[in-house]
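Numbering of ligands and ligand atoms starts at 1, following listing order. Excluded from the calculations below are hydrogen atoms, water molecules and symmetry mates; all remaining heavy atoms, backbone and side chain alike, are included.
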Amino acid sequence: MLKLLSSSSSCLHGRVHGLRPGPASELASPVLRVLGSLAGLTRQNCPASARRAFFCSNSGNVSDQVREVEFKAAGNEADAKSSSAIVSTNPRPEDYLTVIALPLPHRPLFPGFNMPIYVKDPKLLAALQESRRRQAPYAGAFLLKVELGTDPSLVSGSETDTNIHELKGKELFNRLHEVGTLAQISSIQGDQVVLIGHSRLRITEMVDEEPLTVKVDHLKDKPYNKDNHVIDITSFELTSRFIDRVKTCSNWLDHVKTYTQDIRDLNIPRFADFGAAISGANKLQGQEVLEELDVHKRLKLALELVKKDIENSKIQESIEEAIEENNSLDEHLKAIKKELGLETDDKTTLTDKFREMLEPNRENCPPHVLQVIEEELTKLHQLEAGSSAFNLARNYLDWLTSIPWGKYSDENFDVLRAQKILDEDHYGLTDVKERILEFIAVGKLRGTSQGKIICLSGPPGVGKTSIGRSIAHALNRNFFRFSVGGLSDVAEIKGHRRTYVGGMPGKMVQCLKNVGTANPLVLIDEIDKLGRDHVGDPASALLELLDPEQNANFLDHYLDVPIDLSKVLFVCTANVVEMIPNPLLDRMEVIYITGYVTDEKMQIARDYLEKTIRDACGIQPEQVEVTDTALLALIEHYCREAGVRNLEKHIEKIYRKIALQLVRQAASDEPVVSGQIQSPPDGPAGVDVQLADTYETQAEAVDKLDQSVVASKNQIAAEMVEGNGHEYIPQTSGEGVAIQTDLPGEPAVAEVQVADTDEPVDSKHAKETERIQEGETTKKVEKVLVDSSNLDHFVGKPVFHAERIYDQTPVGVVMGLAWTAMGGCTLYIETTQIEEAEGKGSLHVTGQLGGVMKESTQIAHTVARAILLDREPDSTFFANSKLHLHVPAGATPKDGPSAGCTMITSMLSVAMKKPIRRDLAMTGEVTLTGRILPIGGVKEKTIAARRSEVKTIILPASNRRDFDKLAPNIKGGLDVHFVDHYSQIFNLAFSDDPN
Ligand code: ADP
């Protein structure tokens, strides 16, 4: 069993005592003299990797020296516990022709160097001890060949300590390099055997397998001429490289010192060995040097190895320098970050930052909050930076210090200003604006607008949110909007507990941080759509937030200090007031916005939506015209809902398309020819485009320009250059020539001539005059005309057709009026008789009716029967008829009691086989005795009736006041009948009056 000691780190210096020569200057060899002087050099640092050279000791063609060692050692043997080399004087090393072969795994043993190995095989160890005892302390040390598939460039071998000792006999023999070293067994301590390299050997044959014993030839260096010039130069080169290396590496210096101490004469072949042995050569490179018997070649190989070592050490040095530089760069970066306040982990920077954030509000900050902030700052200092508690405290402080404690915007109670702002932003809504102005007026008198929560209720798109924004503007408050539609988590309002992972404060705290003032206007959107789940009831949390009694000390779970929200003005929006939780509704002042009729929508579209959208699209007013008929068609056939959001979207669509056309046209290089432009064969019909004379007719322009030429430069400039220095030249003398574009909806576009400001004004004007006089027609301004005929090119096919299904309602069909969250609509109630048989009187109902509506059908059935019997006592119609009542559209769920009178009329129409009068619509809840009860949504229903071109409507008498309040444009031209009993409806519906 054999285990070899790794040579990587241990460095045993020569143990060949008694060879100490004189001082370096006395050394015989010139090489050794140089080395001797080197040994006197001061130690310097050497990169770790360079400390690879290992044993350094006596060398020889050294048989005499070795013998000397042996004698000395023999004399001391009695004292030494460990065995030292005892060799009989008789056999000389060259006499050993059969030796035990020892495998070396990592590198070869060079003559003059020592190497410890571990021998684990007891038999081998015994054999080695036996040779020592027989005073034949020599063995052969041979490098193991590289295993197949291993990288030979690696310094260390691939063999592990465990598998080397498993190699035996022939197998081991085959793995050994032929050339090795005769090694003196210097000492054996336990299983450690120290070998000293003596001279080169070559294996000739195997003699014994266990332990592996081989026959060897002793190799001699090829004779060389000491005065050979080439050898001289090479050895000189090697020496100077050596000096370079020794100067920079303390490890090499150690080797040199040891070597020069132990060697009397260092000749050139030894020097080459020495160089190769202490360089970082890998095992094969080392073996190559060992096998080389030509001295010059060996010198050259050694020189290469030393050069390579120097190169490697340089690379290593530069890497180390770069690392050091990087470290110092890191330090610099840290310092800069600290200076800029970016150094997040620096506690002092952090606390300074928080104090800075708090500073503007410190005076107004409540004392209890200041105390909490100070406590947290102290805590932050004590906590380990980067720990979760530290991050928690940091986030908490971040929130605490970013709340605008006691910072308010100056409230403006100027009613006239407010009115102006409201009018500027919104058309109509007179009563809504009035209510808001009242509210502001009260605020002015009281000095504060607190204590009220306004709730704007109405269908989508009627301007609830934008009114909220206008109120904020009018009052000079910051605006913040958050939607609570579908919100079910209380934490959204009250915040998470601070210890909750990813915890955040509630919406109000976020709002305050965002707006930066403590008195914003907060618009809580969709309050009627509040969700609810097992975690809690957000309605109660909202109550705490909105209630003026409670919100002066609103406690957010995350912030954990009370904040004063009493100065915040809350405005809520809802579509259906009935869906708002009652406790919340109690505290609100509801302002209803019902929706717009066509006229109002036209005004809004013209005066508000179109302008803003046009500006947003970057289109000039003179570049486009949307006619009234187009707008009307858009409202009637595309955007029928109560609000104007959809209308806004459609107008946006039109303008976007126009913008694209304008840009495309401008990009095209083709000159636009005036007159009729043909549509491409595959495109839809073209769009009417007008060429508009922007300023004046050609003749006028010429006049003007002529005058300008003689006028002063400044005057000319003022007259000719309008706005941004753009000048529009009318192209044709005729106005509004309708042409067709070459692309569908892609009108010809004006080319704009830009006044060349670099040119002298006079000459410029002269040129312009010339051009116009010549009738040059390359520049023109054109207008995209959108009217009802080409509207569908911009917005597609109409979505709505007339709500009327029947021109004249047939028997059993009556038009009712309904209210939806989207506004009002008309709906038909249809009844037919399925079969008639004695005692078969019944009613079958369809049309997705809700519970209330189903009950209404039963009531209607009863009342209709009673009325018919009253008028025709013998009638058996209801007693014997199976009726089917249906309310289209069947896919839409419907509910509510207001269709009661319509149902009765429909049933009576079937019973009497008589259609009701033309263009009549009705609404009203009916009791069993036939009394008509009031309904809601009078405005929406009236608007819906107008839309369906109904001429006569029947409303409950109790709703007269609601109707009277309607604007004349809504109620005008309608024949309205107010009724309080069904009999009145009967008379109106079934009268023989053809009108
Ligand atoms: P809501 O909140 O009721 O759903 P918005 O306030 O978002 O509706 O309004 C939708 C769009 O309609 C906004 O661009 C708004 O300016 C516009 N709008 C609504 N009503 C009017 C009005 N009376 N005058 C001018 N623009 C209006």
*Min side-chain heavy-atom separation Leu530-Leu542 under 4.5 Å*: yes

*Distance-only polar pair, side chains of Lys407 and Asn519, donor-acceptor under 3.5 Å*: no

*What residue and heavy atom of the protein are closest to atom 20 (N) of ligand 1, and at what distance?*
Tyr596 OH, 3.0 Å

_Gly463, any N or O under 3.5 Å of ligand 1 N or O_ = yes

*asked:* Any nitrogen or oxygen of Val462, side chain or backbone, less than 3.5 Å from one on ligand 1?
replied: yes

*Would you mind telling me if ligand 1 is within reach of the side chain of Asp425, the backbone, both or neither, using heavy atoms under 4.0 Å?*
backbone

*Does some non-hydrogen atom of Thr612 fall short of 4.0 Å from ligand 1?*
no

*His977 and Thr952: side-chain donor and acceptor closer than 3.5 Å?*
no

*How far is atom 14 (O) of ligand 1 from its nearest protein heavy atom, and which residue and atom name does that atom have?*
Glu648 OE2, 2.8 Å

*Okay, side chain of Lys464, backbone of Gly458: is any donor-acceptor separation there less than 3.5 Å?*
yes

*May I ask you to check if ligand 1 and Ile604 share an N or O to N or O distance below 3.5 Å?*
no

*Taking the minimum heavy-atom distance to atom 19 (C) of ligand 1, which of Val644, Leu523, Asp607, Asn575 ranks first?*
Val644

*Can you figure out which of Lys601, Arg645, Glu600 has its heavy atom closest to atom 7 (O) of ligand 1?*
Arg645

*Give the residue and atom name of whichever protein heavy atom lies nearest to atom 24 (N) of ligand 1, and the separation in Å to one decimal.*
Tyr427 N, 2.8 Å

*atom 2 (O) of ligand 1 [closest protein heavy-atom partner, distance rounded to 0.1 Å]*: Thr465 OG1, 2.5 Å

*Are Asp525 and Ser483 linked by a side-chain donor-acceptor pair shorter than 3.5 Å?*
no

*Between Tyr427 and Tyr596, does the ring centre distance come in under 6.0 Å?*
no

*Assess Gly643 for proximity to ligand 1: is some non-hydrogen atom of it under 4.0 Å away?*
no

*Tell me, please: is Gly461 in heavy-atom contact with ligand 1, that is, under 4.0 Å?*
yes

*asked:* Between Lys601 and Cys639 (side chain of the first, backbone of the second, donor and acceptor by atom type, cut-off under 3.5 Å), is there such a pair?
replied: yes

*Under 6.0 Å between the ring centres of Tyr638 and His650?*
yes

*May I ask you to identify the nearest protein heavy atom to atom 16 (O) of ligand 1, giving residue, atom name and distance to one decimal place in Å?*
Ser466 OG, 3.6 Å

*Looking only at side chains, do Glu610 and Tyr655 share a donor and an acceptor under 3.5 Å apart?*
yes

*Give yes if a backbone or side-chain nitrogen or oxygen of His426 is under 3.5 Å from a nitrogen or oxygen of ligand 1, and no if not.*
no

*Side chains of Asn478 and Thr517: is there a donor and an acceptor less than 3.5 Å apart?*
yes

_Which of the numbered atoms in ligand 1 are under 4.0 angstrom from any heavy atom belonging to Pro460?_
4 (O)

